[in-house]
Structures are given as C-alpha cells and as structure tokens.
Amino acid sequence: MSVKRLIVRKYRNRMLRIVALAVFFLFPQALYANFDFNANCLKAYQQIFELKLSNARQLLQAEKKINPDNGIVLMLENYIDYFYLLTSDSKSEFDRLQQNKSRRLDLIAAGDKSSPYFLYAQAEINLQWALIRGRYGEYMTAAREIRKAKVQLQENTEKFPGFHLNAKGLGLINAFLGNLPDGILKSTLATFGIKGNLQAGVAMLDKLSANLPQSKYAAFYDEVVFYYVFVLNDIAHSPQAYAKTMKYTERISDSSLLKTYLQALVCSKNAHNEEAIAILANRPEGPAYQAFPYLSFLSGLTKLNKLDYSSSADFNRFLQENKGVNYIKDAHLHLAWIALLKDGTAAYSAQITKVKSQGYIYQEKDKQAQNEAAAPAPDKALLKARLLFDGGYYQKALGVLADHKGADFDAGRDKTEYYYRLGRINAGLGKEDDALSAYQNAISLGKNLRYYYAANSALQIGKIFEARKNPSKATAFFNIAVQMKNHDYESSIETQAKAGIKRLEGGTN
C-alpha cells in the first residue's frame, strides 16, 4: 500500500470518529434508550406483579440481547429491585442495589424525549427508591426523590395528557404527602414547597382503577391496584379498604402471590380474619415465586387472633426464613404472648429477653414491641380480648371481659386498657353509646400515661361523632388526640386525628 493511500485512509478514519462523536453529543437519543414496551417486556412486567421475579429477570436478559437500547428494560429492572427489597426486607441488599438507581437514570436521560415513557420511567425509579428508603429512615434523600418524581410526572402530564399512567404516581404522591406524619420527611418536603392532598390522591387512584380495564393501559391494572390498596389501607385507613380491595383485586390472577399479600393483609386488618387465614393457606407456591417471609408472619398473626397457639410455628418459620430487619421484635413479642397464655410467666420472660436483644426498630410495630417488653407482663384476660378484637371476633372478646369490671384491675395501665378494650369491642358490635362511655373512662384514667389507650380512645370518639355528622364534637376529640404527647403510636394516632380535622374542615393538606 502506498504512503499516499495510507495517509488518506488514516484521515478518513479520523473524520469518521469525529462525525461519530458529533452525533453522540448532538443526538444522544440516536445511540441510547428507545422505549419499546413490547410483548417480551409486557410478559416480564406481568411476571413481576405475580412476584415471579426470576422469570422476569430471564425475560429481560433475552430482551437486552434483542434490543439492547430499550429503556423499558431499565425501568423494569428497577421494578424487580423494588419488589425484591420489599419482599426480602434486607438492609444489606438495599445498600448493595441502590447504586443501580443513578446508572439507570443516566441511561434513560439519554433516551428518546419524545416518548411518554421518558419522564415516566425516571419518575417511577425515583418514587420506588423513595418508598424503600422510607423503611430505613433515609428521609432526606427520599424527600428529594419524591420531589423529582412529582415534577417529572406533572411535566409528563402537560406533554402527554392522554398518558393515563401519570395519574398512578401522582395519586400515590398526593395521598402519601397528604397524610404524612409530622417529622423530618414532612418538614424537608415543605422546604421544597411539596404538599399533597389525601382525598385528591384517593380519588385519582379510584378513578384509574375503575377505568383502566376498559382502556389501552389495561395491562397496568395490577400495579395501579397495588398502590391503591396500599393507600386505602395504610395511608387513608379507609373504612372502605376491605370492600374496595376485594372488588379491585378480583380481576387479578389467582397465580399472583402479590394478590395473596394484598387480600390477606387487608382482611387481617379489617375484621375478616377467617378469610385472611383461608387466603394464606391457599397461596400459590413454587420455585418461580420470590421468597416472601412476611406471609408466614401474617399467617401467625391471623391464627393467633383466634387464639390458635399453633401460630407459634408460623412466627418461628418467619424468624428462620427472614433475612430482613423488620418485624423481628414483633414476632418475638407474639411468641411471648403465646408462651404467657399457654405456659405462664417464666416462658413469657424467656421470649421477652429476645424482644429486647434481637431485631431493629425501624418500624413502629417493632418500637412498640420494644416498649411492651420493658413493661410488666400483660393481664391474660386483656390480652385475649385484644387478640380476639384484632381478629374481628367481637362477641368472643366481649365474653372474655364479661366476668370482669374496672375495679378488678390495678389503677394505671391495666384499668385504662380494660376500658379501652371495652370501648373498641362495643364499637365493633355497633354499641356506640356503650363504647363512648368506656372510651371516656379510658381518657380520664390514661391521659397522663405513656400508653396509647387514652389517645386512641379520643381518636375513636372523634370518628364516631364524625359518622354521626356532629363535626364540632368530632373535631374536639380529634384535637384531644393530637394534644396528647409522649405515648405509644403517637405518630400514627396524631396523623389520623389531623386527617380527621382536615376532612371536617373541608380543607386541603
């Protein structure tokens, strides 16, 4: 080859590299992510929402080989991380996987800006990581991610008003922020000017759940219902949580382990305990499903709520399978209760030692377990009434207390709890006047104690008067609940009471 020809070839190759670099900087979307929610991605997405995460990973690996620049893969990989962390509850895995977030966002940000998935995918990733961070107290970072997600979804709604999926994230954010307890996360978001509205968020998710099956976005139905159930049950504490959960989850396939979780959780918290037991007993199983130890814990709860002491096997199974950080103290507390009711105080003390020494206190339930472990053993009759009430066995719970009077219990914790339990049980039976009388006694006896009985009694009285269309009395008792401080479940009770006040005022958050 002549020297002249060699020089020409080198010059041509150099020019080609320069042109390539120019295209890279001027038109990055030509080289990076497109957004193709094709049949392969759709199948992976459906497997994720059945909690068949390993199947979804395999499908996405195949999609990468066929379409390596598909930004939908990046979004769905984040879904897998989210549900893996939700089910495993592992802090170490959270620390390991969170580095994926920035890499995925960088790749998506170089994608096709003309697609409705461009901003939507970024918002989903930000929101999912914010929800997980909240479980571990990383409120500052979570606040920034929620802010980013809200801004991205609002911009996407302006650009693509017909892209109905925007309402899912915005509905969740509105509800979440609209009922946020006072604390670091709420104050941090306030500095960004980020607020929410619980009623607006619930309405958005309800409308989306009702209309999605008839739209071209029907494939996203399971996800919308997942968030809607979370909002109804855990954020809004809605009296319609059970009815709406069972209505909207009916369309979801019985092969979905996520459906089992949603239905069993809501049934267990809304006095449909037998239904929860049956759902958990018939849950889908097999190697394709992601391990979900919490379902063993939930099975233990539902069985113990009917005083079935074989529930100890479920709690022990949870402790053996669990690799996470939450509900460890609470599981040992329930094992302590079983020991107390079966074998007496010596067996109870052995389990209480484990409540004190094992687990963490990220979750409010574990904090409460730690507090209860530091107190004297509970009265057996009151404990049985508590468990039966939680299961919705109101008549049996009342029967446990039938042979007792307030005078039978020591002044302080036990006497206050007696009247509180009596109030809760009578309210469950529809005997509101009897409930109001008992609640008033609990407030009088327990307003200066660190136990939650008095504050929650005030909250429950407020709810009764709200249902009776007596806003002045309802507001007065909601305010009493807010004013009581330094007691167990303070954050949860205060948040619900403030939400009640806002409902009665007709205001926004």
Side chains of [X] and [Y]: donor-acceptor distance under 3.5 Å anywhere?
| X | Y | result |
| --- | --- | --- |
| Tyr242 | Glu275 | yes |
| Glu124 | Asn78 | no |
| Glu50 | Ser255 | yes |
| Lys463 | Gln496 | yes |
| Gln98 | Arg133 | yes |
| Glu223 | Tyr79 | yes |
| Asn305 | Asp390 | no |
| Asn67 | Asn40 | no |
| Asn100 | Asp81 | yes |
| Asn371 | Asp488 | yes |
| Asn174 | Asn197 | no |

Are any non-hydrogen side-chain atoms of [X] and [Y] less than 4.5 angstrom apart?
| X | Y | answer |
| --- | --- | --- |
| Ile338 | Phe315 | yes |
| Leu60 | Ile80 | yes |
| Leu165 | Leu208 | no |
| Phe478 | Lys498 | no |
| Ser238 | Val202 | no |
| Tyr489 | Glu364 | yes |
| Leu153 | Leu119 | no |

Write down the atom of [X], the atom of [Y], and the distance for their closest heavy-atom approach.
| X | Y | result |
| --- | --- | --- |
| Lys303 | Ser310 | CD-OG, 4.4 Å |
| Asn38 | Asn70 | ND2-ND2, 3.8 Å |
| Pro213 | Ala218 | O-CB, 3.7 Å |
| Ile252 | Tyr221 | CG1-CE2, 4.3 Å |
| Asn322 | Ser88 | OD1-O, 4.2 Å |
| Asn55 | Gln47 | ND2-OE1, 2.9 Å |

Using a strict threshold of under 4.0 Å (side-chain N to carboxylate O), is an ion pair present between [Y] and [X]?
| X | Y | result |
| --- | --- | --- |
| Lys485 | Glu494 | yes |
| Asp106 | Arg103 | no |
| Glu93 | Arg96 | yes |
| Arg251 | Asp222 | no |
| Asp206 | Lys244 | yes |
| Asp89 | Lys323 | no |

Out of curiosity, [X] [atom1] to [Y] [atom2], how far, rounded to the nearest 0.5 Å?
| X | Y | atom1 | atom2 | value |
| --- | --- | --- | --- | --- |
| Arg147 | Leu177 | CZ | CG | 12.5 Å |
| Asn316 | Leu335 | CG | CG | 5.0 Å |
| Phe35 | Tyr117 | CZ | OH | 10.5 Å |

Check: [X] side chain, [Y] main-chain N or O, donor-acceptor pair, under 3.5 Å:
| X | Y | answer |
| --- | --- | --- |
| Asn282 | Ala278 | yes |
| Gln122 | Phe118 | yes |
| Asn126 | Lys148 | no |
| Thr141 | Glu138 | no |
| Ser312 | Tyr309 | yes |
| Lys329 | Gln358 | yes |
| Ser256 | Ser253 | no |
| Gln363 | Asn326 | no |
| Glu155 | Val151 | no |
| Thr302 | Ser299 | yes |

Please confirm whether the ring centroid of [X] lies under 6.0 Å from the ring centroid of [Y].
| X | Y | answer |
| --- | --- | --- |
| Phe318 | Tyr294 | no |
| Tyr451 | His487 | no |
| Phe83 | Phe226 | yes |
| Phe37 | Phe220 | yes |

Heavy-atom count check: over 12 atoms from other residues, nucleotides or ligands less than 6.0 Å from [X] [atom1]?
| X | atom1 | answer |
| --- | --- | --- |
| Glu250 | CD | no |
| Lys43 | NZ | no |
| Lys207 | NZ | no |
| Tyr360 | OH | no |

(message) Trp337 vs His334, test: side-chain contact (heavy atoms from CB on, under 4.5 Å). Steps then yes/no.
(response) CA-CA 5 Å; Trp337 290 345; His334 283 79; 3.5 Å; yes

(request) Report the C-alpha separation of Val231 and Leu172 in whole Å, then their side-chain angles, then the decisive distance to 0.1 Å, and conclude whether the side-chain contact (heavy atoms from CB on, under 4.5 Å) test is met. (result) CA-CA 7 Å; Val231 166; Leu172 175 62; 3.7 Å; yes

(request) Give me the one residue out of Leu258, Leu262, Leu257 that meets side-chain contact (heavy atoms from CB on, under 4.5 Å) with Thr260. (result)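 Filter result, single survivor: Leu257.
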
(request) Could you check Lys365, Lys367, Arg386, Arg450 and say which one makes a salt bridge (Lys or Arg N to Asp or Glu O under 4.0 Å) with Glu372? (result)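 Of the listed residues Lys365, Lys367, Arg386, Arg450, the salt bridge (Lys or Arg N to Asp or Glu O under 4.0 Å) partner of Glu372 is Arg386.
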
(request) Can you tell me which residue pairs pass the ring pair (Phe, Tyr, Trp, His ring centres under 6.0 Å) test with a partner in residues 193-217, sequence neighbours excluded? (result)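 Checked against ring pair (Phe, Tyr, Trp, His ring centres under 6.0 Å) - neighbours excluded - the pairs reaching residues 193-217 are Phe163-Tyr217, His164-Tyr217.
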
(request) Take Lys64 and Glu77 through the test salt bridge (charged side-chain N to carboxylate O under 4.0 Å, His left out) and record every step on the way to the result. (result) CA-CA 11 Å; Lys64 282 181 179 180; Glu77 286 179 334; 2.6 Å; yes

